[in-house]
Amino acid sequence: MPLTAATGVRALPGVGEARAKCLEKLNLGTVGDLLAYFPRSYEDRTKIVSIAGAPPGESVCIAALVAEAPRLSRIRKGLELVKVKAVDETAAMTVTFFNQTYVKDALRPGETYVFYGKIELMGRARQMTNPIFEREGRARFTGCIMPVYPLTAGVSNNLLAGLTRRCVDACAGEIPELLPAEVRRVHALAQSEFSYRNIHFPDSWESLELARRRLIFEEFFYLTCGMALLKSGRDRGRGPVFEYTDPGWFCSRLPFALTNAQRRVIGEAAADLGAPRPMNRLVQGDVGSGKTAVAAACAWMAYQSGWQCAMMAPTEILAEQHRRSLSALLADTGMTVGLLTGSMKAAEKKQVYAALKTGEIDLVVGTHALLSEGVAFARLGLVITDEQHRFGVAQRAALSAKAGQITPHVLVMSATPIPRTLALIIYGDLDLSVIDELPPGRTPVDTFIVGEDKRQRMYNFVRKLVGEGRQAYIVCPAVEESEPAEVPGPTYEGGWGEAAGEAPHPDLKAVTAYAQELKTKIFPDLRVAFVHGRMKAKEKDAVMSAFAAGNVDVLVSTTVIEVGVDVPNAALMVVENAERFGLSQLHQLRGRVGRGGHQSYCVMVTSTRSEESRRRLKVLADTTDGFKISEEDLRIRGPGDFFGARQHGLPQLHIADLAGDMRLLKEAQTAAEALLAADPGLRSPGHAALLERVKKLFADNPDIFN
Ligand code: ADP
Ligand code: MG
């Protein structure tokens with residue numbers, strides 16, 4: 001039976017039930033999955049040298065004849081050696097294998113093999129230890145650029161490379177070419193077959209680059225097409241036309257004067273709300289720019305016009321906080337504000353369900369719990385999500401679907417400043433409003449970068465501020481927090497740009513131990529509490545509330561507090577291992593302080609010796625402009641991380657980790673826009689397969705295109 005993309009992996013030689021299960025863990029169920037499972041990196045095994053010519057200590061391939069029968073010796077229990085002598089026309093070498101007894105029978109005297117490994121000199125003798133070897137002429141893993149795949153238990157790199165080789169040989173030619181010829185020509189892109197072949201088994205580094213360029217372009221191209229289609233679909237939908245779109249009264253009774261930026265953005269939203277085309281607007285504003293007031297104004301206009309509003313936040317802490325601040329901003333409006341979160345008792349939830357259905361609740365704030373089946377509205381007209389780019393297109397759509405026949409207005413709020421180009425891709429289906437001004441009276445946060453040698457001084461500083469009645473955060477990175485609902489931003493495993501050999505990433509245990517040390521040894525006289533993403537929502541809330549109420553002096557935490565927590569009395573943010581965070585994330589953390597009238601400080605502790613890391617951190621000390629910071633972040637890191645970390649809620653991009661080129665991203669965008677201008681909706685028969693592919697990208701929720 002010929003292999004096709006749809007063939008299951010069980011049909012491949014050497015794959016039984018057990019292996020198939022292991023492959024399943026990597027989401028590799030079919031030949032097509034294997035083809036789309038791209039290498040993480042590559043190993044240069046192209047260099048073929050003679051024994052005498054091999055540079056010592058460098059990985060090379062050597063073709064050599066096995067000169068005698070391999071000898072097996074048991075050194076002691078658990079340590080067995082196979083030694084064999086191999087020669088070519090220039091010299092001889094001894095090849096040693098540790099605990100690989102099968103080698104004794106695998107290497108036959110008189111045969112020539114290609115060995116891939118490092119030559120070591122022992123006096124004048126040459127030696128190679130544990131090389132990879134293959135019969136000459138049958139080379140698959142030597143003499144080539146070897147792909148290195150992300151692995152899991154029970155799946156070795158050679159196994160994956162072997163399977164993928166088969167798949168590529170059998171059906172790379174059948175992968176349909178979906179990019180229009182014109183697009184390929186204009187942007188000088190390689191063909192589909194060539195690209196799949198070379199992304200796995202590059203003929204040369206140049207071919208690899210061509211393949212990569214095409215595949216990255218392709219993925220961004222589909223994504224841009226998809227977002228544009230989404231947008232045009234929504235533009236055709238019918239929204240509730242709000243009769244009441246004058247925010248004047250609401251604004252006039254606020255305890256503060258709105259900034260010009262807030263006014264402008266409320267005005268832009270109001271114009272949308274009064275028109276039949278449903279609003280789809282992204283409000284971007286730096287931390288502390290006052291997005292909540294904008295949300296409140298919109299909710300109030302909905303209420304005045306007779307519509308309900310639902311606001312969804314990514315965590316319970318945040319939902320609870322939004323309910324509090326929105327209730328305060330809307331206090332004398334007559335609006336009923338409700339809360340719905342996953343940890344509420346079933347009976348409480350039922351009550352909220354009922355009140356939403358009868359229309360008794362005018363504004364409900366909640367978590368993903370709002371998407372539950374039981375939730376139905378009397379007349380939902382406005383959906384707000386506060387997302388730090390965390391909800392998917394599909395989740396937003398799911399909440400909107402609760403409005404029944406009509407398409408409600410949607411307002412998306414994000415505190416993560418994303419450069420415009422990237423925003424166009426991540427939020428391509430939305431119109432953009434920017435709050436580019438902070439409320440007056442904020443004193444900029446003083447930012448310091450300090451080394452380990454200043455740790456004691458940092459502790460003294462914490463003590464001094466607490467003595468003045470302030471509160472402090474101490475934030476540590478933790479890899480443990482991998483549940484999507486709790487990870488506010490990318491954490492950089494191993495430290496981005498770090499020199500190898502630095503301290504390993506502290507795990508949750510290390511963070512817990514550190515918190516304990518702070519509590520018992522360093523600040524025994526202060527009120528220290530600890531919060532992390534693995535705690536139950538209730539426990540977390542309890543700690544956060546205690547901190548907000550001023551009953552905790554020092555809050556030690558992993559990055560859970562990054563997301564929108566507002567405690568004006570907190571005046572110090574200490575970040576441990578600062579080099580392990582992204583710049584934008586550090587900026588978010590810093591935004592947690594400087595919210596009251598007190599002079600506030602951010603201290604980034606790092607022991608990095610890497611110049612690059614230090615330069616990155618310095619950007620933060622030099623500017624407080626979130627957009628500048630994220631642009632710098634993007635310039636240094638490339639867009640890959642933005643996509644790789646899956647913060648955007650977009651379909652997962654296969655090639656995300658490889659995406660490093662902002663220019664390519666822009667090219668793909670231009671190409672997609674041009675194509676859609678010529679064929680809106682991709683309805684021409686020639687684009688049918690392309691349209692299918694674009695829809696597949698949003699396979700979790702294909703209905704969102706209708
Ligand atoms: P974010 O954009 O980070 O969500 P918030 O809406 O939480 O910001 O606002 C941060 C703080 O600033 C809140 O305490 C809020 O009451 C206050 N605030 C918002 N707008 C103004 C303003 N125009 N003048 C003064 N304070 C404001
Ligand atoms: Mg906020």
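Order of listing sets the numbers, starting from 1, for every ligand and every atom in it.
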Check whether any N or O atom of Gly290, backbone or side chain, sits under 3.5 Å from an N or O atom of ligand 1, and answer yes or no.
-> yes
For ligand 1, which atoms, with element, lie under 4.0 Å from some heavy atom of Thr259?
-> 23 (N)
Partners meeting ring-ring contact (aromatic ring centres under 6.0 Å, His included) with Phe377 (sequence neighbours left out) = none
Is any side-chain N of the basic residue among Lys345 and Glu348 closer than 4.0 Å to the acidic one's carboxylate O?
-> no
Residue Pro439 vicinity, atoms of ligand 1 by number, heavy atom under 4.0 Å | 20 (N), 21 (C), 22 (C), 24 (N), 25 (C), 26 (N), 27 (C)
What atoms of ligand 1 come within less than 4.0 Å of a heavy atom belonging to Asp286?
-> 2 (O)
Can you list the atoms of ligand 1 that are under 4.0 Å from a heavy atom of Leu258?
-> 23 (N)
Below 4.0 Å from any atom of ligand 1, is there a heavy atom belonging to Leu329?
-> no
So is Gly288 polar-close to ligand 1, meaning N/O to N/O under 3.5 Å?
-> yes
Distance, nearest 0.5 Å, that separates CZ of Phe448 from CG of Leu617 | 14.5 Å
Atom indices of ligand 1 within 4.0 angstrom of Thr292 heavy atoms, with elements = 4 (O), 5 (P), 6 (O), 7 (O)
Looking only at atom types and distance, does a side-chain atom of Glu437 sit under 3.5 Å from a main-chain N or O of Thr259, one as donor and one as acceptor?
-> no
Are any of the side-chain nitrogens in Arg615 or Glu612 under 4.0 Å away from the carboxylate oxygens of its partner?
-> yes
Of the side chain and backbone of Arg595, name the one, both, or neither that has a heavy atom under 4.0 Å from an atom of ligand 1.
-> side chain
Do Asp286 and His587 have side-chain atoms, one donor and one acceptor, less than 3.5 Å apart?
-> yes
What atoms of ligand 1 come within less than 4.0 Å of a heavy atom belonging to Gln262?
-> 19 (C), 20 (N), 22 (C), 23 (N)
Proximity of Tyr303 and Tyr244 rings by center, below 6.0 Å | no
Of all the atoms in ligand 1, which lie at a distance below 4.0 Å from a heavy atom belonging to Ser289?
-> 2 (O), 8 (O)
Which residue pairs pass the side-chain hydrogen bond (donor to acceptor under 3.5 Å, both in side chains) test with at least one member in residues 324-338, sequence neighbours excluded?
-> Arg253-Asp332
Would you check whether Ala257 has a nitrogen or oxygen atom less than 3.5 angstrom from a nitrogen or oxygen atom of ligand 1?
-> yes
